[in-house]
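The first residue in the sequence is number 1, and the count goes up from there.
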Amino acid sequence: MIMSLKAACVGLNLVAASLVLIMDPWWNPTTEDQAIDRVHRIGQTRPVRVVRLLVSNSVEDRLLKLQVNVLCFLVHLVIYYYYKLTQNS
């Protein structure tokens, strides 16, 4: 089955799929994670492979770098608020 990234995030359970090809990266990494998780559902019996196709120095390559920056920001934000919460206790 071939579908766009956004269509794969809308409540489908793809237990018959075993290969995920990400050809249109999204700026939000959780959107891609949700699409990949649709393949890792209850009832999946085959190993699942995830392949990300990128062209270097392209918009998609810059989107991947943006995803890394967003994830780093979120991790730092969680650590900061955890530290603040533990200091007030």
Side-chain angles (χ1 to χ4, degrees):
M1 175 184 288
I2 298 175
M3 66 179 61
S4 72
L5 181 64
K6 294 304 281 184
C9 294
V10 188
L12 298 171
N13 289 331
L14 304 173
V15 294
S18 63
L19 175 64
V20 178
L21 291 173
I22 298 181
M23 297 186 293
D24 58 340
W26 201 253
W27 67 272
N28 186 353
T30 57
T31 304
E32 288 184 8
D33 292 341
Q34 186 179 15
I36 293 167
D37 288 343
R38 296 284 176 207
V39 179
H40 289 283
R41 292 290 182 199
I42 296 172
Q44 177 61 270
T45 58
R46 299 184 294 182
V48 175
R49 285 188 336 155
V50 178
V51 178
R52 188 181 308 267
L53 300 175
L54 289 175
V55 175
S56 62
N57 298 322
S58 65
V59 173
E60 289 84 6
D61 191 34
R62 290 191 292 272
L63 271 174
L64 187 63
K65 291 174 185 171
L66 178 64
Q67 284 181 348
V68 170
N69 289 339
V70 167
L71 283 174
C72 288
F73 171 74
L74 291 175
V75 167
H76 284 101
L77 192 66
V78 167
I79 291 171
Y80 172 77
Y81 279 108
Y82 178 78
Y83 177 75
K84 292 286 273 186
L85 286 173
T86 56
Q87 292 302 321
N88 291 337
S89 305

Can you hop from [X] to [Y] via hydrophobic side chains spaced under 4.5 Å?
{"X": "Val70", "Y": "Leu63", "value": "yes"}
{"X": "Leu77", "Y": "Leu66", "value": "yes"}
{"X": "Val78", "Y": "Phe73", "value": "no"}
{"X": "Val51", "Y": "Leu54", "value": "no"}

(request) For Val55 and Asp61, work out which heavy atoms get closest and say how close. (result) O-CB, 3.6 Å

(message) I need the minimum non-hydrogen distance between Arg62 and Asn57, along with the two atoms involved.
(response) NH1-O, 4.2 Å

(request) Would you mind telling me which of Leu64, Leu71, Asn69 makes a side chain to side chain contact (heavy atoms under 4.5 Å, CB included) with Gln67? (result) Leu64

(request) Output the distance between atom OH (Tyr80) and atom CG (Leu85), rounded to the nearest 0.5 Å. (result) 10.5 Å

